[in-house]
J.: 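Shown below is the structure under consideration.
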Amino acid sequence: MFTAIVSSGTLLAALDSVSVLVDECKIRLDEEGATIRAVDPANAGMVNLRLDTSAFESYETDGETIGVNLTRLEDIAGMANADDLIHLELDETTRKLHIQIDGLEYTLALIDPDSIRQEPDLPDLDLPATIGVEGRDIDRAVTAADMVSDHIALGVDADAEYFYVDAEGDTDDVHFELDRDELITLSAGDAHSLFSLDYLKEMNKAIPNDAEVSVELGEEFPVNLHFDIAAGDGSVTFVLAPRIQGN
Amino acid sequence: MFTAIVSSGTLLAALDSVSVLVDECKIRLDEEGATIRAVDPANAGMVNLRLDTSAFESYETDGETIGVNLTRLEDIAGMANADDLIHLELDETTRKLHIQIDGLEYTLALIDPDSIRQEPDLPDLDLPATIGVEGRDIDRAVTAADMVSDHIALGVDADAEYFYVDAEGDTDDVHFELDRDELITLSAGDAHSLFSLDYLKEMNKAIPNDAEVSVELGEEFPVNLHFDIAAGDGSVTFVLAPRIQGN
Amino acid sequence: MFTAIVSSGTLLAALDSVSVLVDECKIRLDEEGATIRAVDPANAGMVNLRLDTSAFESYETDGETIGVNLTRLEDIAGMANADDLIHLELDETTRKLHIQIDGLEYTLALIDPDSIRQEPDLPDLDLPATIGVEGRDIDRAVTAADMVSDHIALGVDADAEYFYVDAEGDTDDVHFELDRDELITLSAGDAHSLFSLDYLKEMNKAIPNDAEVSVELGEEFPVNLHFDIAAGDGSVTFVLAPRIQGN
């Protein structure tokens, strides 16, 4: 059994963070809320989405796992205005999700969860550096780096206490630096890792400009990007594997 | 002889309603105003446009029928701001239309009316159900139906007194229902017909969101969509033939 | 040595006026400011851009000529908000330009000036007619003419004291006329020349709607289009060669 009411803005913010990596996913529904874990086909980028029951106007389930086509569900939610409430109700017999938006009822065929790629276990890394940065700064760094390269280095200089982004192209380079004053928080430890811009560009699309993003970094280790959605009643964690740097 | 002045907003609203079905049309000009009747090449959708003399700032004719390229005429009117006045004057010798917009003069070659597809006779149907609905509700229904199917069923349940829209896809369905309270008017009679979404999508483009649309329906009969333009000094009627439903 | 600070709005307005004609150019930097002269590959359109030192927040050079990829430099400046200040600093050893925008540093490889097409000498023409016209009127004339033809005639009727634009298509024509009252200034002399619309469309993109454009014309002579940028601390002059009219 599953029935819930949620604002279209909250639903879209949640779905967007997953759809940048995969087209289909399992949504686990339990008494604490909804969670989605997914990894992209190349096993490089992972997402862990949590939406607490408090993010919903109403929420009831006795525990369900449903498989959904994310593109389709986003298209449906996208027909609503940002403040519209979306009613969701699972028909357990037909395994279809009834979606109601202000008089409009959409019946969405669910996907067999067993046919969906297995959910990843997100690595529990103890990374030496953690910074807090605004979403808009990540956007600027990624946009600029994309002009010169396919890769981007993220790092922290522990002594000089700043976070930096480097991208090296054939002829042009991009360097972006934020010191303690320009960051929201800085827990410095030496860190430097290289990442694929393709993935960071996709993840960046799901990060609101005004989000406070917690970035955890190490030396040639994955990066963790964590931010709240739904006014703190939900959160998104992206994990991106590093590219091994040549010598 | 024909000479007239009309706001670009009024002219564009009128032309848009015809250009969604045909590229060329005849415009009949007489002492009561301008009228256009047209049917699409497949004979499925028809339009009847009426623009009274009161929709014009000034209007003079002794009766003319001109043939125009609608795309071209819309492009010209589209160069004006919404409040700009457009001056139209027919040169009877050269059969060209002189179009003036704030200092700019465009000379449009007319098309021989005899070379344009014959104007249809709009069927005079006595349909059992009539509802009044906002343009924005038609837009929502058509947009949602388009996500799952190429066809759309429109109907009225006379007993339960509601108007409904149904679209059935291979896996997903859309259902939209408006009861007496959500409609502007409801004159209920049983009605249910299936239509091609391609046509309704085109007609929908010409229906303003805030228009009050009168929808007349029957059992496997054409649908009539009627709404005012030019603040009531003109009107558009679309007629769309039904698709015959399989068993 | 070259180091300067300039608003992104000013830098973009300057670069846009050159990039409509060429992809690469030389920028001459001296104690009076920056100048760019360029001619398109077909030798039909030329631009002369001047940006005084007063257009910069700060400006220092002992005389330099640098070669730049305009598309790239515009993309970089385009990442800034209109009010953002852009810091420019030439590294004379590496021949790279360091561009800083609010924490972001872009290192742009310069192009060897000797590899760039030679700068044109702009002809010093004594043209009989000069009019002052708003950028938005040039935009309207060019947009309308483009609907019917690839060419556009610009002229002045000295006796009747008006400026006109003519475009003749296979079936349709466009005529645009501005008399003394509708022009900012009019120094009338007979003038009539035909130009390629492709070039005027490109030049038009760089002319702000509210610019006062000085247009100098002759009989089958080039047209000069001159307007200020950077609140008068800079200027752009376009020169376009005429098309020879057939008989």
Side-chain angles (χ1 to χ4, degrees), chain B residues 2-9 11-12 15-16 19 23-27 65-116, chain C residues 131-157 160-186 188 192 195 197 200-201 204-205 207-210 212-213 215 217:
Chain B
F2 168 63
T3 171
I5 302 176
V6 62
S7 76
S8 77
L11 184 59
L12 276 173
L15 298 176
D16 283 352
S19 67
D23 295 330
E24 302 177 345
C25 71
K26 293 182 219 186
I27 305 181
T65 296
I66 60 176
V68 299
N69 177 324
L70 279 166
T71 316
R72 182 47 65 105
L73 191 49
E74 282 185 299
D75 284 348
I76 300 165
M79 287 192 301
N81 298 316
D83 296 337
D84 279 354
L85 292 180
I86 299 182
H87 295 242
L88 305 168
E89 183 167 1
L90 175 66
D91 182 325
E92 286 171 85
T93 315
T94 60
R95 298 306 293 176
K96 298 205 172 185
L97 189 65
H98 292 279
I99 304 164
Q100 267 193 302
I101 307 171
D102 195 14
L104 187 72
E105 182 170 332
Y106 192 105
T107 307
L108 176 71
L110 296 173
I111 299 171
D112 179 356
D114 292 340
S115 74
I116 294 176
Chain C
I131 59 143
V133 63
E134 286 193 11
R136 79 186 76 246
D137 281 326
I138 293 178
D139 185 51
R140 291 184 69 211
V142 166
T143 303
D146 191 37
M147 293 174 63
V148 301
S149 180
D150 297 329
H151 299 99
I152 186 171
L154 306 181
V156 171
D157 185 315
E161 297 203 324
Y162 64 83
F163 165 67
Y164 64 84
V165 174
D166 268 320
E168 291 182 25
D170 289 336
T171 59
D172 297 354
D173 302 325
V174 162
H175 182 75
F176 185 46
E177 221 173 274
L178 294 172
D179 63 23
R180 186 177 278 283
D181 290 345
E182 295 161 318
L183 294 165
I184 301 167
T185 58
L186 170 67
H192 181 94
F195 302 97
L197 254 177
L200 267 184
K201 275 159 62 182
N204 177 46
K205 287 182 193 166
I207 302 176
N209 264 342
D210 58 358
E212 292 190 15
V213 184
V215 180
L217 286 163

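In what follows, chains are A, B, ... by sequence order, proteins preceding strands, each numbered from 1.
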J.: Table up the donor-acceptor pairs between chain B and chain C that sit under 3.5 Å, atom names plus distance.
T.:
| from | atom 1 | to | atom 2 | distance (Å) |
| --- | --- | --- | --- | --- |
| B/Arg72 | NH1 | C/Met147 | O | 3.1 |
| B/Arg72 | NH1 | C/Asp172 | OD2 | 3.2 |
| B/Arg72 | NH2 | C/Met147 | O | 3.0 |
| B/Lys96 | NZ | C/Thr171 | O | 2.9 |
| B/Ile101 | O | C/Arg140 | NH2 | 2.6 |
| B/Asp102 | O | C/Arg140 | NH1 | 2.9 |
| B/Asp102 | O | C/Arg140 | NH2 | 3.4 |
| B/Gly103 | O | C/Glu177 | N | 3.4 |
| B/Glu105 | N | C/His175 | O | 2.6 |
| B/Glu105 | O | C/His175 | N | 2.7 |
| B/Tyr106 | OH | C/Asp172 | OD2 | 3.0 |
| B/Thr107 | N | C/Asp173 | O | 2.7 |
| B/Thr107 | O | C/Asp173 | N | 3.1 |
| B/Ala109 | N | C/Asp172 | OD1 | 2.8 |

J.: Which atoms of B/Ile101 come close to chain C, meaning under 4.5 Å heavy atom to heavy atom: side chain ones, backbone ones, both, or neither?
T.: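 Contact with chain C involves both backbone and side-chain atoms of B/Ile101.
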J.: Who pairs with C/Phe195 by ring pair (Phe, Tyr, Trp, His ring centres under 6.0 Å), at least two apart in sequence or on another chain?
T.: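 If we apply the ring pair (Phe, Tyr, Trp, His ring centres under 6.0 Å) test to C/Phe195, skipping adjacent residues, there are no hits.
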J.: Identify which part of B/Leu97 has an atom lying under 4.5 Å from any heavy atom of chain C, answering side chain, backbone, both or neither.
T.: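 It is neither, since no heavy atom gets under 4.5 Å.
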